[in-house]
*Asks:* 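Before we start, here is the structure in question, set down as structure tokens.
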Number of protein chains: 2
Amino acid sequence: MSSTATKSNGRGRPKVRPSVLGNRKPSARASAAEKEQDIYDAIVASVMGQRLKPGTKLPELALCELFGVGRSLVQKVLQRLAHDHVVQLRPNRGAIVAMPSPEEVGQLFEARRALEASVLPLVAERAARADYASLRRQLREEHKAMHRYAQTQWAGLASAFHLRLGELSGNPILYRYLSEIISRCSLVVALFQPPGNATCEHEEHVRVVDYLEQGNVRAAQREMKRHLIDLEHHIRLVEESTDQSLADILGLAAE
Amino acid sequence: MSSTATKSNGRGRPKVRPSVLGNRKPSARASAAEKEQDIYDAIVASVMGQRLKPGTKLPELALCELFGVGRSLVQKVLQRLAHDHVVQLRPNRGAIVAMPSPEEVGQLFEARRALEASVLPLVAERAARADYASLRRQLREEHKAMHRYAQTQWAGLASAFHLRLGELSGNPILYRYLSEIISRCSLVVALFQPPGNATCEHEEHVRVVDYLEQGNVRAAQREMKRHLIDLEHHIRLVEESTDQSLADILGLAAE
DNA sequence: TCCTTATTTTTTGTCGTCAATTAATGACTT
DNA sequence: AAGTCATTAATTGACGACAAAAAATAAGGA
């Protein structure tokens with residue numbers, strides 16, 4: 001018999017109360033809506049920062065204690081996360097961090113190519129000189145930042161250009177769809193991204209703006225499409241090169 | 001003093017317990033998930049059938065009694081309806097049936113044109129002979145049904161063609177976005193549709209399929225775009241011709 | 001030794017209850 | 001008489017509680 005276990009009959013599921021997830025103080029008191037957003041942001045940030053790996057379970061009670069809120073708020077957040085494909089929600093089995101299959105990744109990038117191409121004509125139709133100037137300014141900032149920051153924080157900056165294009169389309173609906181897709185792509189990139197490699201997308205971005213400003217929409221679409229295909233290929237390479245981590249992932253999922 | 005009101009001091013908000021909404025028996029016992037879907041479908045059907053007019057309030061308690069479920073289920077349904085833009089959810093003020101502004105309608109149709117155009121190349125790339133045959137069969141059915149049924153039930157059939165195209169694209173993500181947009185468009189059509197007018201879209205649909213099967217994607221896109229612009233114009237005309245109903249709508253919203 | 005089974009804990013799904021905000025009227029004031 | 005204020009109902013927001021399903025292990029059998 002072990003020394004510490006006092007007569008534990010040992011039948012049934014073992015109690016795992018230690019709650020390995022670090023205990024975070026409930027921070028400053030905030031309104032419920034803000035708390036909800038905080039929880040959402042915290043989970044998204046953890047997934048993006050690879051501290052929550054795909055397949056990890058997210059029990060409601062743990063999140064409740066961790067953030068000091070009731071289950072209704074946690075459920076609402078999980079619902080939203082599921083809608084944004086950050087987590088997967090299985091009936092009666094709870095939420096786990098999403099792990100998109102290679103097939104889904106393909107569909108994701110295909111949809112992204114289609115959407116971004118559809119957005120460009122609207123941009124060309126509506127953007128003014130000042131908008132192009134602001135785009136180019138943003139591209140310069142992005143280029144400078146790329147060398148300065150770690151790519152973890154830089155991940156968001158890379159998408160900013162694409163998001164800005166969606167914004168310039170002047171159509172909020174297409175913009176929201178594009179935001180959703182870009183977020184999911186960023187998540188995929190984050191999942192397969194070994195630290196310290198990031199493609200420089202600067203030149204391709206500049207070319208897209210050039211074509212747009214010249215009024216050559218067709219060329220801009222071609223350039224954008226090629227750029228996105230490049231990005232996908234890059235992900236695929238990384239994905240293949242790290243298939244031993246796939247075992248890790250499965251191991252962790254089984255945990 | 002009135003005869004029935006026994007000493008009602010009459011101060012404060014009057015009690016309006018009669019619950020004017022007809023009481024529906026809780027029907028057959030179903031699993032919770034099915035009940036949720038039932039509630040969702042019932043509300044969508046009521047909105048589509050113009051029995052729930054824009055601006056109508058949807059109190060949670062009323063829905064609870066009406067369907068015999070707790071508030072959590074109703075809240076989940078309202079959340080979903082809000083996400084699908086069937087209802088509008090205002091903080092602390094409950095849900096009302098959505099009433100899209102003319103501007104939103106414009107953005108909606110613009111987004112739809114963009115999406116449907118993006119889908120066509122994928123369809124042309126992937127559809128096989130059998131798919132085109134099935135499309136044409138569906139078009140014939142649609143044409144026959146158009147003369148037989150009332151347009152209320154026919155509203156769903158009209159969208160079926162477009163949905164099928166989205167399905168044939170082979171991309172579930174684009175298909176879901178297209179479904180969302182088409183649903184919202186159908187809702188707009190339902191809102192502004194006086195009984196007994198429906199455009200015959202048959203010929204235009206056939207032309208799109210013709211072009212697609214010939215491999216002339218560009219022409220198919222042009223045809224589709226024109227078809228959708230026609231549809232939007234038709235809505236606009238109806239909308240203008242019924243602006244006295246706008247007063248009705250506002251009156252009802254103030255109720 | 002491996003597979004099946006029984007039991008216990010965990011975890012989710014749903015409901016009812018309480019506090020807080022909003023809406024709607026009558027009463028009061030100018 | 002019209003506008004403002006106070007009082008009351010209605011309604012949402014959030015929490016905790018109970019029941020049901022799933023998960024995880026030890027015990028028992030082939």
Side-chain angles (χ1 to χ4, degrees), chain A residues 1-2 5 7-21 26 29-39 55-79 81-82 87-96 253-255, chain B residues 1-2 5 7-21 26 29-39 55-79 81-82 87-96 253-255:
Chain A
M1 306 123 185
S2 78
K7 246 199 306 198
S8 80
N9 61 2
R11 186 137 72 164
R13 195 183 199 174
K15 299 185 184 179
V16 286
R17 269 272 136 232
S19 179
V20 202
L21 308 164
R29 165 168 323 189
S31 89
E34 293 173 5
K35 269 188 183 176
E36 184 183 323
Q37 189 60 34
D38 284 351
I39 302 175
T56 308
K57 289 190 296 187
L58 295 177
E60 295 181 1
L61 193 64
L63 298 176
C64 288
E65 313 185 338
L66 188 56
F67 292 98
V69 298
R71 289 207 310 153
S72 40
L73 278 206
V74 167
Q75 278 174 344
K76 222 183 287 186
V77 169
L78 288 179
Q79 206 85 14
L81 288 170
V87 306
Q88 187 180 351
L89 219 57
R90 304 161 302 174
N92 278 328
R93 301 190 60 202
I96 62 176
E255 174 259 345
Chain B
M1 302 117 188
S2 76
K7 247 197 312 195
S8 79
N9 61 3
R11 188 141 71 166
R13 196 182 197 176
K15 300 185 183 178
V16 286
R17 267 270 137 235
S19 182
V20 203
L21 307 164
R29 167 168 320 193
S31 88
E34 293 172 4
K35 268 188 182 178
E36 183 183 323
Q37 188 62 35
D38 284 351
I39 301 174
T56 308
K57 287 190 297 187
L58 295 178
E60 295 180 0
L61 192 63
L63 298 175
C64 289
E65 314 185 337
L66 189 55
F67 292 98
V69 298
R71 290 206 315 155
S72 40
L73 277 207
V74 167
Q75 278 174 346
K76 222 185 285 187
V77 169
L78 287 179
Q79 207 86 15
L81 287 171
V87 306
Q88 188 180 350
L89 221 56
R90 304 160 302 173
N92 278 327
R93 301 191 57 200
I96 62 176
E255 175 261 345

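On a predicted model such as this, the values are computed, not experimentally measured, just so you know. Just so it is clear: chains get the letters A, B, ... in the order the sequence lines come, proteins before strands, and each one is counted from 1.
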*Asks:* Provide, to the nearest angstrom, the distance between the CD atom belonging to A:E65 and the P atom belonging to C:dT10.
*Replies:*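 Going from A:E65 (CD) to C:dT10 (P), I get 11 Å.
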
*Asks:* Among the nucleotides C:dT12, D:dC15, C:dT22, which one has an atom lying closest to any side-chain atom of B:R93?
*Replies:*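 That would be C:dT22.
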
*Asks:* Determine the sole option in B:V77, B:L78, B:L81, B:L66 for which the side-chain contact (heavy atoms from CB on, under 4.5 Å) test with B:I39 is passed.
*Replies:*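 Answer to the side-chain contact (heavy atoms from CB on, under 4.5 Å) test with B:I39 among B:V77, B:L78, B:L81, B:L66: B:V77.
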
*Asks:* How many Å lie between CG on B:L63 and P on D:dA10, as a whole number?
*Replies:*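 After rounding, the gap between these two atoms is 17 Å.
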
*Asks:* Rounded to the nearest 0.5 Å, what's the gap from CG on B:L63 to CG on B:L73? Could you check?
*Replies:*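 Taking CG in B:L63 and CG in B:L73, the distance rounds to 11.5 Å.
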
*Asks:* Less than 4.5 Å apart, side chain to side chain, heavy atoms only: is that true for A:E36 and A:K76?
*Replies:*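 The answer is yes; the side chains approach within 4.5 Å.
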
*Asks:* Examine D:dA14: is either OP1 or OP2 under 4.0 Å from a nitrogen or oxygen in the side chain of A:K35? Give yes or no.
*Replies:*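 For D:dA14, OP1/OP2 do not have a side-chain N/O of A:K35 under 4.0 Å.
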
*Asks:* Which part of the nucleic acid, if any, lies within reach of A:Q75 when heavy atoms closer than 4.0 Å are counted: base, sugar-phosphate only, or nothing?
*Replies:*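 If one applies the 4.0 Å heavy-atom cut-off, A:Q75 turns out to touch a base.
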
*Asks:* In whole angstrom, give the distance that lies between atom CG of B:L61 and atom C1' of C:dC15.
*Replies:*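 Rounding to the nearest Å, CG of B:L61 and C1' of C:dC15 are 13 Å apart.
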
*Asks:* Given atom CD1 of A:I96 and atom P of C:dT10, what is their separation to the nearest angstrom?
*Replies:*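 Spelled out: CD1 on A:I96 to P on C:dT10 is 21 Å.
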
*Asks:* Please find the pair of heavy atoms, one from B:V74 and one from B:C64, that lie closest to each other, and give the distance.
*Replies:*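 Heavy atoms only, the tightest pair is CG2-SG, 3.8 Å.
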
*Asks:* Rounding to 10 degrees, work out the angle separating the end axes of the helix from C:dT1-D:dA30 to C:dT30-D:dA1 (five pairs an end).
*Replies:*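 Both end axes considered, the difference amounts to 10°.
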
*Asks:* Strictly under 3.5 Å: I want the nitrogen or oxygen pairs between protein and nucleotides 19-21 of chain D, one per line.
*Replies:*
none

*Asks:* Could you tell me how far apart A:E60 (CD) and D:dA17 (P) are, to the nearest whole angstrom?
*Replies:*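 For the pair A:E60 CD and D:dA17 P, the rounded distance is 16 Å.
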
*Asks:* Find the distance B:E34:CD to C:dG13:P and express it as a whole number of Å.
*Replies:*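 Checked: the CD to P distance equals 16 Å.
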
*Asks:* Using heavy-atom distances to pick each residue's nearest nucleotide on DNA chain D, tell me which of A:R90 and A:L73 is more 5'.
*Replies:*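 Upstream on the strand: A:L73.
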
*Asks:* What is the distance, to the nearest angstrom, from the NZ atom on A:K57 to the P atom on D:dA22?
*Replies:*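 Nearest whole value for this atom pair: 14 Å.
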
*Asks:* Out of curiosity, B:Q75 CD to A:Q75 CD, how far, rounded to the nearest 0.5 Å?
*Replies:*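 Taking CD in B:Q75 and CD in A:Q75, the distance rounds to 10.0 Å.
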
*Asks:* For A:G68 and A:K35, work out which heavy atoms get closest and say how close.
*Replies:*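 Smallest heavy-atom distance, with atoms named: O-NZ, 4.0 Å.
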
*Asks:* Without decimals, in angstroms, what is the distance between A:L58 CG and C:dT10 C1'?
*Replies:*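 Rounded to whole Å, this separation is 16 Å.
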
*Asks:* Nearest to the A:P59 side chain among D:dT12, C:dC15, C:dT12, which nucleotide is it?
*Replies:*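 Nearest listed nucleotide: C:dT12.
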
*Asks:* Please confirm whether any donor atom in the side chain of A:R71 sits under 3.5 Å from an acceptor in the base of C:dT11, or the reverse.
*Replies:*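 Between C:dT11 and A:R71, which were checked side chain against base, a qualifying N/O pair under 3.5 Å is absent.
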
